[in-house]
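Quick note: residue numbers are just sequence positions, from 1. All of these numbers come straight from a predicted model, not from anything done at the bench.
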Amino acid sequence: MKIAFVCYTIQKKYLADSVQDEDVLLLEFLKKKGLDIHREVWTDENVNWVNYDLVLLKAPWDYHEKIEAFYNWLDKLNNLSVQLLNSFKIIKWNSDKHYLKDIADKGLNIIPTLYIEKNTSPQFLSFFQQLNTEKLIMKPCISGGAKNTIVLTSDNLSLHQKNIETLLESEAYMVQPFIKEIETAGEWSFIFFNGIYSHCVVKKPRIGDFRVQHTHGGTIHAVEPDELFIETAKHFVDHFAKGCLYTRVDGIMVNGKFLLMELELIDPFLFLSYYEKGFDNYFSALSKMIAENDLIRKSTFQKEKMVNKD
């Protein structure tokens, strides 16, 4: 089976000297395991995708900056009947953080979220009241890496008003209460492969910041979470990430309760180097899914052969 290992056109803003390049390490690991796998950039128009039996999304980190092109690329692969991991349907759903409403509607715990649709004029003072908070976080519904994320208070609202109006001319935004635990306890990331828990890390922002991404100076710490929290994280996987090669469940612990921030199903950093079996767990899950797919294809071929024979 020939596999495309899909990444992005490398940009310095997505890199950090403090963290190893997981994409390079994983690709070399999979090659050493005997897979016929090749790095491709999703925006490269010279790639003949039909030459691949499987397209594996690893790090298309700039997709949110070119979302219409990304959707067109997904449609192209789908029309070519090229298998994609994670699936087309799930990737499209997960690309827009309106999906958090679907999760909340299932009764699962998320950070309370309100939405500001494109070309609307929000009444922010009512948001403070609805979310029962003195500080808000505002960020795009389609985004990554803390892009255009704004911290709002009643005191600084007027300073950001004109910028917010400009931003809303281009896209929809979401608003959440600022959770103070992000600055102290940090953000938890639970990693699952093919629905099975692998490992967990806590990401903490640098002093004076709230952004936990390592590209913004955040730090990463391997942890052994309580089994209860693993089961809680798995509920999100079971309900919304079935059949996914990888799932990262990001959230915050507030008063002993796990609240979901994001369900990462497109391009998450998987912290494979922070757990002894991280790379092996990824490979085992991928190998199992490849084997299952081969059985399905063989079964379909046999059925078609019988029909044609009749």
* Given side chains that start at C-beta, do those of N119 and L168 come closer than 4.5 Å, heavy atoms only? -> no
* **Atom pair NZ/OG of K97 and S143 - distance to nearest 0.5 Å** => 3.5 Å
* Would you find a donor on one side and an acceptor on the other, under 3.5 Å apart, between the side chain of N78 and the backbone of L74? -> no
* **Any side-chain heavy-atom pair of I164 and I116 under 4.5 Å** => no
* Asked: Would a distance-only check, ignoring hydrogens and angles, find a side-chain to backbone donor-acceptor pair under 3.5 Å from N86 to L245?
  -> yes
* Asked: Any idea which heavy atoms bring E134 and F128 closest together, and the distance?
  -> O-CE2, 3.6 Å
* After noting the C-alpha distance and the side-chain angles of Y197 and V237, does the key distance pass the side chain to side chain contact (heavy atoms under 4.5 Å, CB included) rule? -> CA-CA 10 Å; Y197 171 73; V237 180; over 6 Å; no
* **Test ring-ring contact (aromatic ring centres under 6.0 Å, His included) applied to F229 - qualifying residues, sequence neighbours left out** => none
* **Pairs involving residues 150-165, ordered by first then second residue, that meet salt bridge (charged side-chain N to carboxylate O under 4.0 Å, His left out) (sequence neighbours left out)** => none
* To do: Go through the steps for W42 and K66 under the test side chain to side chain contact (heavy atoms under 4.5 Å, CB included), then give the verdict.
  => CA-CA 11 Å; W42 72 272; K66 311 165 185 175; 4.0 Å; yes
* Asked: Among all residues two or more places apart in sequence or in another chain, which pass the salt bridge (charged side-chain N to carboxylate O under 4.0 Å, His left out) test with D96?
  -> none
* Classify the angle between the aromatic ring planes of F236 and F258 as parallel (below 30°), tilted (30 to 60°) or perpendicular (above 60°). => perpendicular
* Minimum heavy-atom separation for D102 to W93, with atom names? -> OD2-NE1, 2.8 Å
* Asked: Under the ring-ring contact (aromatic ring centres under 6.0 Å, His included) criterion, do Y246 and F193 qualify, and how do the steps go?
  -> CA-CA 5 Å; Y246 53 83; F193 296 124; 7.9 Å; no
* Taking side chain as C-beta onward, heavy atoms only, is V175 less than 4.5 Å from L152? -> no
* Heavy-atom closest pair, residues L263 and F240 -> CD2-CB, 3.8 Å
* For residues I3 and L30, determine if any side-chain heavy atom of one lies less than 4.5 Å from a side-chain heavy atom of the other. => no
* **Pair K180-T184, side chain to side chain contact (heavy atoms under 4.5 Å, CB included): steps then yes or no** => CA-CA 7 Å; K180 64 181 184 302; T184 54; 5.9 Å; no
* Is a side-chain donor or acceptor of T113 paired with a backbone partner of I111 at a separation under 3.5 angstrom? -> yes
* Asked: Applying salt bridge (charged side-chain N to carboxylate O under 4.0 Å, His left out), which residue pairs with at least one partner in residues 236-261 are found, sequence neighbours left out?
  -> K203-D250, K234-D238, R248-D250, R248-E264
* **4.5 Å side-chain heavy-atom contact, V202 and K204** => yes
* To do: Provide the closest heavy-atom pair for K118 versus E169 in the form atom of the first, atom of the second, distance.
  => CE-O, 3.2 Å
* Could you state the interatomic distance from CG (L265) to CD1 (I90), rounded to the nearest 0.5 Å? -> 6.5 Å
* Asked: Should K101 and D105 count as an ion pair when the cut-off is N to O under 4.0 Å?
  -> yes
* Asked: Minimum heavy-atom separation for A59 to D267, with atom names?
  -> CA-CB, 4.2 Å
* To do: Could you check I191, V201, V223 and say which one makes a side chain to side chain contact (heavy atoms under 4.5 Å, CB included) with Y274?
  => V201
* Only counting residues at least two apart or in another chain, list the ones meeting side chain to side chain contact (heavy atoms under 4.5 Å, CB included) with E231. => E227
* I150 CD1 to L159 CG distance, which is reported to the nearest 0.5 Å -> 11.5 Å
* **Rounded distance [0.5 Å steps], CD in Q129 versus CG in L131** => 10.5 Å
* Asked: Would I290 and L77 show up in the same hydrophobic cluster when neighbours are defined by side-chain heavy atoms closer than 4.5 Å?
  -> yes
* Dump the intermediate steps for salt bridge (charged side-chain N to carboxylate O under 4.0 Å, His left out) on R39 and D44, then the final yes or no. => CA-CA 11 Å; R39 186 185 188 277; D44 187 348; over 6 Å; no
* At what distance, to the nearest 0.5 angstrom, does CD1 of I103 lie from NE2 of H235? -> 13.5 Å
* Asked: Would F127 and F124 satisfy ring-ring contact (aromatic ring centres under 6.0 Å, His included), going step by step from the backbone distance to the final call?
  -> CA-CA 5 Å; F127 292 159; F124 276 98; 5.3 Å; yes
* Mind listing the closest non-hydrogen atom pair of G243 and M289 along with its distance? => O-CE, 3.2 Å
* Asked: Is there a side-chain contact between N72 and K76 (heavy atoms, below 4.5 Å)?
  -> no
* To do: Flag the pair Q176 / L100 as yes when at least one side-chain heavy-atom distance between them is below 4.5 Å, and no otherwise.
  => yes
* Gap between atom NZ of K135 and atom CZ of F178 - 0.5 Å precision -> 4.5 Å
* Would Y115 and H98 satisfy ring-ring contact (aromatic ring centres under 6.0 Å, His included), going step by step from the backbone distance to the final call? -> CA-CA 8 Å; Y115 294 98; H98 279 86; 4.4 Å; yes
* Taking side chain to side chain contact (heavy atoms under 4.5 Å, CB included) as the test, write out the residues that go with I266, two or more places apart. => L57, P60, Y63, F70, I91, N94, S95
* Describe, in one word, how the ring planes of F190 and W188 are oriented to each other, choosing from parallel (under 30°), tilted (30 to 60°) and perpendicular (over 60°). => parallel
* Does the pair L272 and L25 meet the rule for a side chain to side chain contact (heavy atoms under 4.5 Å, CB included), with working shown? -> CA-CA 9 Å; L272 298 175; L25 296 175; over 6 Å; no
* Asked: Are any of the side-chain heavy atoms of S273 and F279 separated by less than 4.5 Å?
  -> yes
* Asked: Does V6 belong to the same Ile/Leu/Val/Met/Phe/Trp/Tyr cluster as F29, with side-chain heavy atoms less than 4.5 Å apart forming each link?
  -> yes
* To do: Following the transitive rule for hydrophobic clusters with a side-chain heavy-atom cut-off under 4.5 Å over Ile, Leu, Val, Met, Phe, Trp and Tyr, establish whether V47 and V41 coincide in one cluster.
  => no
* May I ask you to decide if the ring planes of W49 and W73 are parallel, tilted or perpendicular, using 30° and 60° as cut-offs? => perpendicular
* Asked: Of the options K2, E40, Q83, which is the one that meets Y52 in a side-chain hydrogen bond (donor to acceptor under 3.5 Å, both in side chains)?
  -> E40
